[in-house]
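No hydrogens, no waters, no symmetry mates; every other heavy atom, side chains included, goes into these values. No experiment lies behind these values; they were computed from the predicted model shown.
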Amino acid sequence: MEEKIEISTDYIPLGQFIKLANILESGGMIKVFLQENGVYVNDELETRRGKKLYHGDTVYIEDVGTFVVTKSAE
């Protein structure tokens with residue numbers, strides 16, 4: 001099952017998204033996690049914290065789950 005994570009901006013960096021989704025708490029933890037494991041953004045392996053995520057993007061994190069970026073109505 002996919003969990004929807006709502007953002008209020010046009011995009012969100014992957015590192016901020018991971019914090020927003022309450023997966024990891026600090027930027028340092030996120031940096032190490034992405035370097036060692038990576039996550040899948042739209043079925044492509046991604047290790048960059050600054051990767052921009054837009055409405056409709058899907059993030060899969062092994063042993064955690066699948067998350068979908070949604071944009072809030074303004």
Side-chain angles (χ1 to χ4, degrees):
M1 184 171 162
E2 299 175 340
E3 182 178 341
K4 291 181 174 20
I5 303 295
E6 193 172 281
I7 63 171
S8 58
T9 55
D10 289 336
Y11 68 87
I12 185 169
L14 178 58
Q16 291 295 318
F17 180 81
I18 291 172
K19 271 196 221 179
L20 182 65
N22 292 319
I23 298 162
L24 294 171
E25 296 176 8
S26 75
M29 291 170 67
I30 292 167
K31 181 178 179 180
V32 171
F33 178 81
L34 288 174
Q35 287 175 342
E36 292 179 357
N37 304 295
V39 300
Y40 286 89
V41 177
N42 300 328
D43 297 323
E44 291 186 22
L45 184 62
E46 187 58 65
T47 58
R48 299 173 293 164
R49 284 185 299 168
K51 167 71 176 166
K52 293 178 181 176
L53 303 177
Y54 296 91
H55 173 76
D57 284 347
T58 301
V59 178
Y60 170 74
I61 303 173
E62 192 172 339
D63 297 327
V64 177
T66 302
F67 302 87
V68 177
V69 180
T70 62
K71 185 159 175 20
S72 62
E74 294 182 52

side-chain contact (heavy atoms from CB on, under 4.5 Å) between Asp10 and Lys71: does it pass, once the steps are laid out? CA-CA 7 Å; Asp10 289 336; Lys71 185 159 175 20; 3.4 Å; yes
Closest non-hydrogen atoms of Ser72 and Ser8, given as atom of the first, atom of the second and distance, are OG-CA, 3.5 Å
Let me confirm one number: the NZ-CG distance from Lys51 to Asp57, rounded to the nearest 0.5 Å. 7.0 Å
For Tyr11, give me all partners under ring pair (Phe, Tyr, Trp, His ring centres under 6.0 Å), at least two apart in sequence or on another chain. Tyr54
For Leu34, the rest of its hydrophobic cluster, which grows through side-chain links under 4.5 angstrom: Ile5, Ile7, Ile12, Leu14, Phe17, Ile18, Leu20, Ile23, Leu24, Met29, Ile30, Phe33, Val39, Val41, Leu53, Val59, Ile61, Val64, Phe67, Val69
For Thr70, which residues count as a side chain to side chain contact (heavy atoms under 4.5 Å, CB included) partner, sequence neighbours excluded? Lys4, Glu6, His55, Val68
